[in-house]
Amino acid sequence: MKKTLLFCSIFAIAAFNFMSCDDEDENNNTTNNGGGTTTSNLSAEFVGASDCLGSPYEMLDTRAGEDDQSAGTKLVYKYDEAKGELELTLEHAILECASIPKMNVKFSGDTILLLPYNADTSGIHANCICLYDLTSKVKGVESKVYYVRPEYSTGEENVQVLELSQKNEDFVFFPWGAF
């Protein structure tokens, strides 16, 4: 029993140290692209959120009028090259009905990491879920390729490409459950 407890303690400490190192890289806006470390000049601000748009259970398998795109979370982007700003609107993010919806935006090199979350710290939980549209602005953006993914996702299927040198505005989809 003591050996098991010791092993679990060592494993927990190692996992904590590993996660601490990983968070430092993202918080410093740096990434190692194989040729050295690069620092990002990007910054972000949360603009706002919609009211509850209804339940995700009300949606069918596709979103009407959008070329039969799979239902899921849609990211609409608008790039203003003159200002170096990129507006990101995450449509249909799923949060509790009683949420105060917000979105964290972090950077790792040319990758933009998104995390919708409930900013309510009261501890009160609702027994229902709603869809919300969340908007943030990213500053310091250049006319090049950026990658966007959910912050805690590691799967390649959840990485979307924004080719700002090709299109100033467009949208991409993330599958349900990506956020």
Side-chain angles (χ1 to χ4, degrees), residues 19 22-23 25-35 37-50 53-54 56-57 59-95 99 101-119 129-179:
M19 291 182 70
D22 188 45
D23 285 343
D25 289 343
E26 288 179 13
N27 291 338
N28 289 331
N29 296 332
T30 61
T31 186
N32 186 344
N33 295 324
T37 302
T38 336
T39 303
S40 173
N41 294 323
L42 302 174
S43 65
E45 68 175 290
F46 180 70
V47 175
S50 69
L53 301 172
Y57 300 116
M59 295 191 70
L60 299 174
D61 290 335
T62 60
R63 294 171 57 126
E66 295 180 346
D67 300 322
D68 292 328
Q69 291 287 334
S70 296
T73 306
K74 179 180 177 182
L75 177 69
V76 177
Y77 66 92
K78 295 178 185 174
Y79 173 53
D80 184 338
E81 188 171 6
K83 293 182 180 179
E85 288 184 352
L86 178 64
E87 182 178 275
L88 300 172
T89 301
L90 191 62
E91 295 182 355
H92 296 160
I94 300 174
L95 296 168
S99 292
K102 295 240 174 151
M103 182 165 58
N104 241 358
V105 180
K106 293 183 180 180
F107 311 99
S108 179
D110 292 338
T111 302
I112 301 170
L113 308 168
L114 304 177
L115 178 64
Y117 69 99
N118 178 5
I129 55 176
C130 279
L131 299 171
Y132 295 93
D133 291 351
L134 310 169
T135 303
S136 289
K137 283 194 178 182
V138 179
K139 297 178 181 180
V141 178
E142 300 172 20
S143 179
K144 63 180 188 178
V145 174
Y146 288 91
Y147 303 94
V148 181
R149 71 173 173 83
E151 183 175 345
Y152 295 116
S153 174
T154 56
E156 289 182 23
E157 68 277 359
N158 291 330
V159 176
Q160 299 298 329
V161 178
L162 309 182
E163 295 188 37
L164 301 182
S165 59
Q166 302 291 321
K167 292 183 179 180
N168 286 346
E169 56 184 81
D170 203 359
F171 59 88
V172 294
F173 279 96
F174 293 95
W176 286 122
F179 290 96

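Here the structure is a predicted model, which is why all the values come from computation and not from measurement. When reading the values below, keep in mind they use all heavy atoms of this one structure, side chains included, and skip hydrogens, waters and symmetry mates.
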Quiz item: For V145 and D110, what are the C-alpha separation, side-chain angles and deciding distance, and is it a side-chain contact (heavy atoms from CB on, under 4.5 Å)?
Solution: CA-CA 8 Å; V145 174; D110 292 338; over 6 Å; no
Quiz item: Heavy-atom distance under 4.5 Å between the side chains of V148 and V159, does that happen here?
Solution: no
Quiz item: Can you tell me if T89 and T135 form a side-chain donor-acceptor pair at under 3.5 Å?
Solution: yes
Practice problem: Inspect the surroundings of NZ in K144 and state if more than 12 heavy atoms from other residues, nucleotides or ligands are less than 6.0 Å away. | Solution: yes
Exercise. State whether the side chain of Y132 and the backbone N or O of A49 hold a donor-acceptor pair below 3.5 Å, judged by distance alone.
Key: no
Practice problem: Quick one: pull up NZ in K139 and CG in N41 and give me the separation to the nearest 0.5 Å. | Solution: 14.5 Å
Quiz item: Would you call Y146 and L42 a side-chain contact if the rule is heavy atoms closer than 4.5 Å?
Solution: yes
Quiz item: Roughly how far apart are S50 OG and L131 CG, rounded to 0.5 Å?
Solution: 8.5 Å
Quiz item: How many angstroms lie between atom CD of E169 and atom OH of Y77, to the nearest 0.5 angstrom?
Solution: 9.0 Å
Self-check item: Gap separating the CE atom of M103 from the CG atom of D133, nearest 0.5 angstrom
Solution: 10.0 Å
Quiz item: Out of curiosity, S136 OG to L86 CG, how far, rounded to the nearest 0.5 Å?
Solution: 10.0 Å
Quiz prompt | Sub-4.5 Å side-chain heavy-atom contact between L75 and Q160 | solution = no
Quiz prompt | Intermediate values then yes/no, side-chain contact (heavy atoms from CB on, under 4.5 Å), H92 and L53 | solution = CA-CA 8 Å; H92 296 160; L53 301 172; 4.2 Å; yes
Quiz prompt | Steps toward side-chain contact (heavy atoms from CB on, under 4.5 Å) verdict (R149, L113) | solution = CA-CA 5 Å; R149 71 173 173 83; L113 308 168; 3.2 Å; yes
Quiz item: Which heavy atom of P116 sits nearest a heavy atom of A93, and at what distance?
Solution: CB-CB, 4.1 Å
Quiz prompt | Interatomic spacing from NZ in K78 to CD in E87 - rounded to 0.5 Å | solution = 5.5 Å
Quiz item: Going through the distances and angles, do I112 and F107 end up as a side-chain contact (heavy atoms from CB on, under 4.5 Å)?
Solution: CA-CA 5 Å; I112 301 170; F107 311 99; 4.1 Å; yes
Exercise. Among N104, L134, T73, V105, find the one that has a side-chain contact (heavy atoms from CB on, under 4.5 Å) with L114.
Key: V105
